[in-house]
Amino acid sequence: MSLHQPKAQTFNYISSAAGSGKTEWAIQFSQQQNDRGFNVIIVVPTKALADSYAKRSNGDIRSIHSENTEGSVTTRIQNIFREQALNAVRATSIAITESAFNLLKIRHGSENWCLIKDEAIEPLTIHTIRCP
């Protein structure tokens, strides 16, 4: 009997002030990963930030959301996963919203994808409300 050993996972965390270059790093990193044959999915909180990735990367990163996709966004993303898993096509990078990412149930060929979360939403937020 052989046991399947999962691949080691690497998590890189970058914490820095706004405007310090984190997004530019992510764009360059995604291009390097594409050159190595890995696909990249960039998860962002807003459609505007997804579009910003596409614009700042000169179209190397595709932005996919409800305002630029006909039909279901999750179906479009799953089709990209499937296409990348089944066909020998050049690696790609896509930027999607966190809400779309959370709806994805099937990630075809996910072992060939790198995940970048930009502007991650805090899992816990505490607000102090002072009432008169």
Side-chain angles (χ1 to χ4, degrees):
M1 173 180 8
S2 68
L3 297 175
H4 172 71
Q5 294 294 323
K7 291 182 181 178
Q9 300 293 316
T10 300
F11 295 93
N12 297 304
Y13 178 80
I14 299 174
S15 178
S16 187
S20 63
K22 295 183 300 291
T23 300
E24 287 304 317
W25 174 88
I27 291 168
Q28 290 177 8
F29 180 79
S30 71
Q31 291 166 337
Q32 291 168 355
Q33 294 306 302
N34 290 164
D35 290 344
R36 294 179 58 212
F38 290 97
N39 300 298
V40 178
I41 184 167
I42 302 167
V43 180
V44 296
T46 66
K47 297 170 194 173
L49 188 52
D51 288 342
S52 174
Y53 265 95
K55 183 177 179 181
R56 291 168 73 174
S57 70
N58 295 316
D60 287 344
I61 298 170
R62 292 186 280 175
S63 170
I64 301 172
H65 55 72
S66 61
E67 293 176 12
N68 66 11
T69 302
E70 287 187 34
S72 167
V73 171
T74 54
T75 298
R76 174 72 181 118
I77 296 165
Q78 289 171 345
N79 287 342
I80 291 171
F81 285 156
R82 190 174 300 109
E83 175 186 310
Q84 292 295 325
L86 300 176
N87 302 316
V89 294
R90 187 185 184 290
T92 191
S93 294
I94 60 174
I96 65 170
T97 62
E98 190 161 345
S99 59
F101 181 75
N102 291 336
L103 292 173
L104 292 175
K105 293 183 177 32
I106 300 170
R107 294 183 177 95
H108 294 277
S110 60
E111 65 276 3
N112 294 323
W113 285 82
C114 295
L115 172 67
I116 297 173
K117 279 190 95 172
D118 190 355
E119 302 292 337
I121 297 173
E122 292 292 326
L124 174 65
T125 303
I126 300 173
H127 297 277
T128 302
I129 300 172
R130 302 205 186 280
C131 299

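Quick caveat: nothing in here was measured; it's all calculated off a predicted structure.
Across every non-hydrogen atom of Ala100 and Ile77, the tightest pair is CB-CD1, 4.2 Å. The heavy-atom pair separating Asn39 from Gln84 by the smallest distance is OD1-OE1, 3.0 Å. When all heavy atoms of Phe38 and Ala91 are compared, the pair lying nearest together is O-CB, 3.4 Å. For the residue pair Gln31 and Ser57, the shortest heavy atom distance occurs at NE2-O, 4.1 Å.
The side-chain contact (heavy atoms from CB on, under 4.5 Å) with Thr23 is formed by just one residue from the set Val44, Ile116, Asp118; it is Asp118.
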**OP:** Using the side-chain contact (heavy atoms from CB on, under 4.5 Å) rule, take Asp35 and Arg90 through it: C-alpha gap first, then chi angles, then the decisive distance, then the call.
**Re:** CA-CA 9 Å; Asp35 290 344; Arg90 187 185 184 290; 3.3 Å; yes

**OP:** With side-chain contact (heavy atoms from CB on, under 4.5 Å) as the test, would you mind laying out the steps for Asn34 and Asp60 before giving the verdict?
**Re:** CA-CA 10 Å; Asn34 290 164; Asp60 287 344; 5.8 Å; no

**OP:** Could you go through the side-chain contact (heavy atoms from CB on, under 4.5 Å) check for Ile96 and Val73 one step at a time?
**Re:** CA-CA 9 Å; Ile96 65 170; Val73 171; 5.7 Å; no

Subject >> Step-by-step side-chain contact (heavy atoms from CB on, under 4.5 Å) determination, Ser30 to Ile61 >> reply: CA-CA 8 Å; Ser30 71; Ile61 298 170; 3.5 Å; yes

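If you take OG1 on Thr97 and CD1 on Ile42, they are separated by 13.0 Å, rounding to the nearest 0.5 Å. Atoms CG and CZ, on Leu115 and Phe101 in that order, are 5.0 Å from each other to the nearest 0.5 Å. Between the CD1 atom in Ile27 and the NZ atom in Lys55 there is a gap of 12.0 Å [rounded to 0.5 Å]. Taken from CG in Leu103 to OG1 in Thr74, the straight-line distance is 6.0 Å, to the nearest 0.5 Å. Interatomic distance, Ser93 OG to Gln32 CD, rounded to the nearest 0.5 Å: 11.0 Å. Here the straight-line distance linking atom OH of Tyr53 with atom CD of Glu24 works out to 9.0 Å at 0.5 Å rounding.
Thr69 places a side-chain N or O within 3.5 Å of a backbone atom of His65 that can act as its donor or acceptor partner.
Residues Asp51 and Arg62 are not paired through a salt bridge, judged by the lack of any N-O separation under 4.0 Å between the basic side chain and the carboxylate.
Between the side chains of Asn79 and Arg76, no donor-acceptor pair of N or O atoms lies under 3.5 Å.
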